[in-house]
Amino acid sequence: MIRADLDQLPSYVPGRSIPGAVKLASNEVAAAPLPNVIAAIRDAAAGVNRYPSNSATALLDSLGARLNVPTGQLAVGPGSVALCEQLVQATCGPADEVVFAWRSFEAYPIITQVVGAGRRMVPLRGDHTHDLPAMLAAITPQTRLVFVCNPNNPTGTAVPREELVAFLDAVPNGVLIALDEAYHEFVTDPAIGDGIALSRGRDNLAVLRTFSKAYRLAGLRVGYCVAPEPVVTALRKVSVPFGVNSVAQAAALASLDVAGELLAHCREVAAERDRVRTELLAMGYAVPDSQANFVWLPLGERSTAFNEHCQAHKIVIRPFAGDGVRVTIGDPQENEIFLAAAREWRSVRG
Ligand SMILES: Cc1ncc(COP(=O)(O)O)c(C=O)c1O
């Protein structure tokens, strides 16, 4: 009954949860939703006997006003990962290909294979950044979609605006670029651009953002996409009806009312990120500059052992065997617990 090719499909590995442990595995913001958002969730709960707005009209209106984007160029979905998948569904059939960097967000190869499209994975450069010229060279007549994850998960590295613009200008018109900005709100380097500003006047750029990280709603699943109208129309065609539930819509709407406070907190997280990186560098770890709410330790073959060391200290991080570990920035106390474990690892393991 089941498609034979699904046997080869790697499963998405969610960050583990261990009771009582410090959870630095899933790039969430450690702080709870703000009180007005919790109140909106409570109020919306009383109406869940009804279907949600399929068009998420109020949320689209508010997002559109905030971003200065017409609502016809906006789509929402149950997490930006759902929108990533919808972009593959909307652009690719089995004969088509998707290009993305590797290592990058681990959902890209999975959703590509689920749709049955081919994939070209272009290695990151030695400094863990996207190799955009190599990605350009990997585009073939079969390519329909290119993912650029900026900042990149799991390395935290980001492509500067000028390099990105040169890439956007060079990608052929018939290829859609999906600029995944799930971590945009943590960017502090002024050289990194804003995808939504860059998307104006382009007809082959879709920008993905999420309420899961900066907006603290990972458990409710809301993401959005800013794209040219024909792309948004196609996204709506392939989406599951009522994908964003009514509680999630209400919470996202309420969180836009307090965006200033949420974004100010992101700057605090970014300052913590820079502090954690500086401390790790001083301990002798290699850590690329991160513009996201996590840091990447390219520990290679020692990644699994480092992860086990952290687990023994009741810290859950995200290991990528043979490659590195990704550590989410938590609150300052959680970060201290991680730094102490990292310091101990250096003194014991060198
Ligand atoms: C780069 C990137 N894109 C998209 C997502 C998906 O986020 P969500 O589906 O929660 O919006 C994640 C989640 O970790 C991510 O790291």
Side-chain angles (χ1 to χ4, degrees), residues 11-17 23-30 33 56 59 63 74-89 98 100-112 114 121 124 128-130 145-159 164 177-187 192 195 206-227 235 239-240 243-245 248-249 251-252 255 262 266 269 273 290-296 316-320 324-330:
S11 297
Y12 184 85
V13 183
R16 292 183 61 191
S17 266
K23 188 169 189 248
L24 304 177
S26 299
N27 299 343
E28 300 132 336
V29 164
L59 178 54
L63 263 178
L74 266 173
V76 288
S80 58
V81 69
L83 291 161
C84 289
E85 184 168 52
Q86 289 170 20
L87 284 173
V88 182
Q89 288 172 325
V98 182
F100 48 89
W102 199 249
R103 182 170 290 278
S104 190
F105 181 33
E106 61 178 320
Y108 300 153
I110 299 173
I111 58 184
T112 303
V114 167
M121 296 155 81
L124 296 173
H128 314 283
T129 61
H130 273 65
L145 183 66
V146 181
F147 280 106
V148 176
C149 188
N150 203 39
N152 188 44
N153 176 5
T155 59
T157 50
V159 179
L164 184 59
I177 303 145
L179 182 60
D180 185 343
E181 293 190 332
Y183 302 99
H184 174 75
E185 294 84 354
F186 303 98
V187 170
I192 312 302
V207 181
L208 296 149
R209 300 245 179 113
T210 181
F211 283 90
S212 296
K213 314 293 179 181
Y215 289 85
R216 310 184 191 174
L217 295 177
L220 282 178
R221 319 299 304 122
V222 197
Y224 61 95
C225 178
V226 177
L235 285 176
S239 67
V240 173
V244 182
N245 71 67
Q249 290 187 31
S255 69
L262 293 170
C266 291
V269 172
R273 167 197 75 206
S290 172
Q291 290 296 307
N293 65 338
F294 51 84
V295 288
W296 173 245
V316 188
I317 59 169
R318 182 72 172 85
F320 297 87
V325 300
R326 187 192 69 201
V327 184
T328 303
I329 300 302

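Note that the numbering runs from 1 along the sequence shown for the chain. Atoms within each ligand, like the ligands themselves, are counted from 1 in listed order. Hydrogens, waters and symmetry mates play no part in the numbers below; they use all other heavy atoms, side chains included.
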Using a strict cut-off of 4.0 Å, indicate which atoms of ligand 1 neighbour a heavy atom of [X].
X      : result
Lys213 : 13 (C), 14 (O)
Tyr183 : 1 (C), 13 (C), 14 (O), 15 (C), 16 (O)
Gly79  : 8 (P), 9 (O), 11 (O)
Ser212 : 8 (P), 10 (O), 11 (O)
Asn153 : 1 (C), 15 (C), 16 (O)
Cys149 : 1 (C)

Are [X] and [Y] close enough that a side-chain donor and a side-chain acceptor fall under 3.5 Å?
X      : Y      : value
Arg318 : Asn27  : no
Tyr183 : Asn150 : no
Thr157 : Asn152 : no

For the residue pair [X] and [Y], establish whether any side-chain heavy-atom pair is separated by less than 4.5 Å.
X      : Y      : answer
Asn245 : Val222 : no
Arg103 : Pro154 : yes
Phe105 : Phe147 : no

Next on the checklist: Before you tell me yes or no, could you show the steps for Leu217 and Thr210 under side chain to side chain contact (heavy atoms under 4.5 Å, CB included), namely the whole-Å CA-CA distance, both residues' side-chain angles and the distance that decides it to 0.1 Å?
Outcome noted: CA-CA 9 Å; Leu217 295 177; Thr210 181; over 6 Å; no
Look at ligand 1 and say whether [X] reaches it with a heavy atom at a distance under 4.0 Å.
X      : answer
Ala182 : yes
Ala218 : no
Asn27  : no

Of all the non-hydrogen atoms in the protein, which one sits nearest to [atom], and at what distance?
atom                    : value
atom 3 (N) of ligand 1  : Asp180 OD2, 2.7 Å
atom 12 (C) of ligand 1 : Phe105 CZ, 3.4 Å
atom 6 (C) of ligand 1  : Ser80 OG, 3.4 Å

Please check whether [X] reaches ligand 1 - meaning an N/O of the residue sits under 3.5 Å from an N/O of the ligand, judged on distance alone.
X      : result
Thr210 : yes
Ser26  : no
Val81  : yes
Arg221 : yes

Item to check | Audit row: Phe186, Val29, side chain to side chain contact (heavy atoms under 4.5 Å, CB included) steps and yes/no | outcome: CA-CA 11 Å; Phe186 303 98; Val29 164; 3.8 Å; yes
Checklist entry - Is it the side chain (CB and beyond), the backbone, both or neither of Phe211 that lies under 4.0 Å from ligand 1, heavy atoms counted? => result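 It is neither; nothing of Phe211 touches ligand 1.
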Item to check | side chain to side chain contact (heavy atoms under 4.5 Å, CB included) between Tyr108 and Asp180, intermediate numbers included | outcome: CA-CA 11 Å; Tyr108 300 153; Asp180 185 343; 2.7 Å; yes
Item to check | Under-4.0 Å salt bridge between Lys23 and Glu28 | outcome: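 Yes.
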Next on the checklist: side chain to side chain contact (heavy atoms under 4.5 Å, CB included), that's the test. Do Leu262 and Ser255 meet it? Break it down for me.
Outcome noted: CA-CA 8 Å; Leu262 293 170; Ser255 69; 3.8 Å; yes
